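Quick notes on the structure that follows.
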Amino acid sequence: MLDIRLFRDDLDGLKQMLKNRGYEYPVDKVASLDEERRRLLVEVEELKAERNRGSKEIAEAMAKGVDASHLRERMKNIGVEIKELDEKLSMIERELKEHLLRIPNWPHASVPIGPDETHNVEVRRWGEPKDFGFTPRPHWEIGENLGILDFQRGVMLAESRFTVLVGFGARLGRALINFMLDLHTKEHGFKEIEPPFLVNSETMQGTGQLPKFGEDLYSCSGEDLWLIPTAEVPLTNMHRGEILNENVLPLYYTAYTPCFRREAGSHGRDVRGMLRQHQFDKVELVKICTPEKSYEELETLTQAAEKVLQLLELPYRVVCLSTGDMGFAASKTYDIEVWLPSQGKYREISSCSNCEDFQARRMNMRYKPSEGGKSRFVHTLNGSGVAIGRCLIAIMENYQQEDGSFIVPKVLRPYMGGIEKIG
RNA sequence: GGAGGGCUGGCCGAGCGGUCGAAGGCGGCUGACUUGAAAUCAGUUGAAGGGCAACCUUCCGGGGGUUCGAAUCCCUCGCCCUCCGCCA
């Protein structure tokens, strides 16, 4: 949620910002609603002040035994007026809030301006794509041949975009989860959390999934519960509505959770294999910090995610998303893209964002500065550290051998009972 | 699912329909004492919105109602606790 003051002070800047993001929004309407709101507020507050004075007078008159019926009559009329204005006001406030909840975050000045992913800027590369000496197979071939990925049964049990991991496939997934959680808790200072996988709509609104993106979520019929599309949702909402002491900041949280996404807008994309699933595992990283530190924290958050790929010895690159490619809640996002030999492309495996105070404002999550003064909104950041399924794909493809087997990365072997090769 | 009890400021906790944003305590902050700290004493300390400001308004789980006036009375929803039932 943006600060309503932006609609008063920088309406033109706001319009340009939305244009950069490829959004259309009637911001003039929002600005005039805000004006209307303030006009009504002044009006109704004056009446309330009068009623408060009048009520006090009535109390005093009654104490003295003086008749106050004429005053009561007048206050009664004012009461009716107040009620009407209050109703009008709360309608406008609801409408205003509804608008604010649907307007995306303001990108940071350092974000490249452009309509889509073609304007993303590569920041750095790590590792060298391997020269195989044979045509590398896609992960679905490797996985099916080894009997560790079962796509048919995924469809049979659920529907398309569900996969069953079998035997060493399942075990490798579990190894990756443990490896990543150990790394982030032991080396990067994150606290491990196991949050609910279903959350209520207020929580979904806090991070920005609702009200605008409900069609991307799975919900439970007859209950106000939604399946989380990422652990970012429960982790970031951990302190919703709280005023934190500055000395507890920054907070670093990590969690393994499954993630559930309808993938409503991606029919026909990545249908083959398990690159894009309705359910996938992920280890997530979340930071809650002061505004002064958040961009520094974004760099170290991204580096923490990169460390996973470095230890797994998977080639990757980091790109800074352009205004048109960024998510709704983000001010700045780095995507980490891992090399997929079968596609000859780098593909997203992690997305690290600074949301500044956009989510904090929705969640009303603030901190009390140590040096005193008014409480301020915290900044929130999140990043995948990293997606398990896509990591599994990257390992199978980058470590594949000509005979159809693949090598287990060294750092994972302790988690795999010492197994060095699958197949 | 059944029965009962509760929800008040950062935390704990009192509160008669009017002078209650709310006693008291803890915590925080400031000062005194101290070489410093602790202890002690004194003072101070909620949030949001509107306004240049003085100031005004709102907030006692959410919503609604009664009333000139609601933390206080009524209705409703939510959550928490205790007991019973069921259960990994």
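Below, all heavy atoms of this structure are taken into account, side chains as well, without hydrogens, waters or symmetry copies. Computed from a predicted structure; not experimentally measured. Chain letters run A, B, ... following the sequence lines, proteins first and then strands; every chain starts at 1.
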Rounded to the nearest 0.5 angstrom, the CZ-CD distance for A:Arg137 and A:Glu397 is 11.0 Å
What is the nucleic acid contact for A:Arg366, judged by heavy atoms within less than 4.0 Å: base, sugar-phosphate only, or nothing?
sugar-phosphate
Can you tell me which nucleotide in B:A47, B:U58, B:G65 comes closest to the side chain of A:Asn52?
B:U58
How far does CE of A:Met204 sit from OG1 of A:Thr207, to the nearest 0.5 angstrom?
7.0 Å
A:Tyr399 and A:Phe406: CA distance, side-chain angles, deciding distance, ring-ring contact (aromatic ring centres under 6.0 Å, His included) verdict
CA-CA 5 Å; A:Tyr399 280 89; A:Phe406 67 92; 8.1 Å; no
Measuring centre to centre across the rings, with the benzene-like ring taken for any Trp, is A:Phe328 within less than 6.0 Å of A:Phe213?
yes
Could one point to a donor on the side chain of A:Glu242 or the base of B:G10 with an acceptor on the other under 3.5 Å away?
no
Should stems be defined as at least three consecutive Watson-Crick or G-U pairs with both distances under 3.5 angstrom, which of them involve RNA chain B?
B:1-7 with B:78-84, B:10-12 with B:24-26, B:27-32 with B:40-45, B:46-50 with B:55-59, B:61-65 with B:73-77
In whole angstroms, the gap separating P of B:G10 from CG of A:Asn247 amounts to 16 Å
Straight-line distance of A:Gln152 CD to A:Leu157 CG, nearest 0.5 Å:
11.5 Å
Whole angstrom is fine here: how far is it from CG in A:Leu41 over to C1' in B:U57?
7 Å
Can you check the distance between B:U58 and B:A22, where both ends of the measurement are the P atom (answer in whole Å)?
14 Å
Categorize A:Arg361 for me: base, sugar-phosphate, or nothing, with a 4.0 angstrom heavy-atom threshold over every strand shown.
nothing
When you look at OH of A:Tyr415, are more than 12 heavy atoms from neighbouring residues, nucleotides or ligands closer to it than 6.0 Å?
yes
Upstream residue (5' side of RNA chain B) when A:Gly79 and A:Ala59 are each assigned their closest nucleotide:
A:Ala59
Proximity of A:His379 and A:Tyr295 rings by center, below 6.0 Å
no
I'd like the C1' distance from B:G4 over to B:C11, given in whole Å.
27 Å
Name the closest nucleotide to the A:Ser55 side chain, picking from B:A48, B:G18, B:U57.
B:G18
Expected output is a numbered-order residue list: members of residues 69-77 of chain A with a heavy atom under 4.0 Å from any atom of RNA chain B. What is it?
A:Arg72, A:Met75, A:Lys76
Using the benzene-type ring in the case of Trp, are the ring centres of A:His184 and A:Tyr252 under 6.0 Å apart?
no
Pairwise C1' distance for B:A47 and B:U8, with rounding to whole Å:
14 Å
Treating A:His188 as the side-chain partner and A:Thr185 as the backbone partner, does any N or O pair qualify as donor plus acceptor under 3.5 Å?
no
Starting at atom CE of A:Met365, determine the distance to atom P of B:G10, rounded to an integer number of angstrom.
17 Å
What do you reckon, is CZ of A:Arg153 surrounded by more than 12 foreign heavy atoms closer than 6.0 Å?
no
Rounded to whole angstroms, how far apart are CD1 on A:Ile243 and P on B:C59?
18 Å
Look at all strands and tell whether A:Lys368 reaches a base, only sugar-phosphate, or nothing, counting heavy atoms closer than 4.0 Å.
sugar-phosphate
Tell me which one of A:Val27, A:Ile113, A:Leu2, A:Asn105 satisfies side-chain contact (heavy atoms from CB on, under 4.5 Å) with A:Met17.
A:Leu2
Quickly work out the A:Leu244 CG to B:A47 P distance and round it to whole Å.
15 Å
Rounded to the nearest angstrom, tell me the gap between atom CZ in A:Arg362 and atom C1' in B:A48.
19 Å
Among residues 30-39 of chain A, which contact RNA chain B at a heavy-atom distance under 4.0 Å?
A:Arg37, A:Arg38
Between B:C75 and B:G85, how far apart are the two C1' atoms, rounded to whole Å?
30 Å
Which of B:A47, B:G65, B:U58 is nearest the side chain of A:Lys48? It is B:U58
Rounded distance in Å between the P positions of B:A39 and B:G27:
8 Å
From A:Glu292, A:Glu246, A:Glu356, residue fulfilling salt bridge (Lys or Arg N to Asp or Glu O under 4.0 Å) relative to A:Arg376:
A:Glu292
I'd like the P distance from B:U40 over to B:A3, given in whole Å.
50 Å
For nucleotides B:A14 and B:G61, find the distance between their P atoms and express it as a whole number of Å.
14 Å
Salt bridge check, A:Asp86 against A:Lys83: does any charged N sit closer than 4.0 Å to a carboxylate O?
no
How far does the P atom of B:G28 sit from the matching atom of B:G10, given to the nearest Å?
16 Å
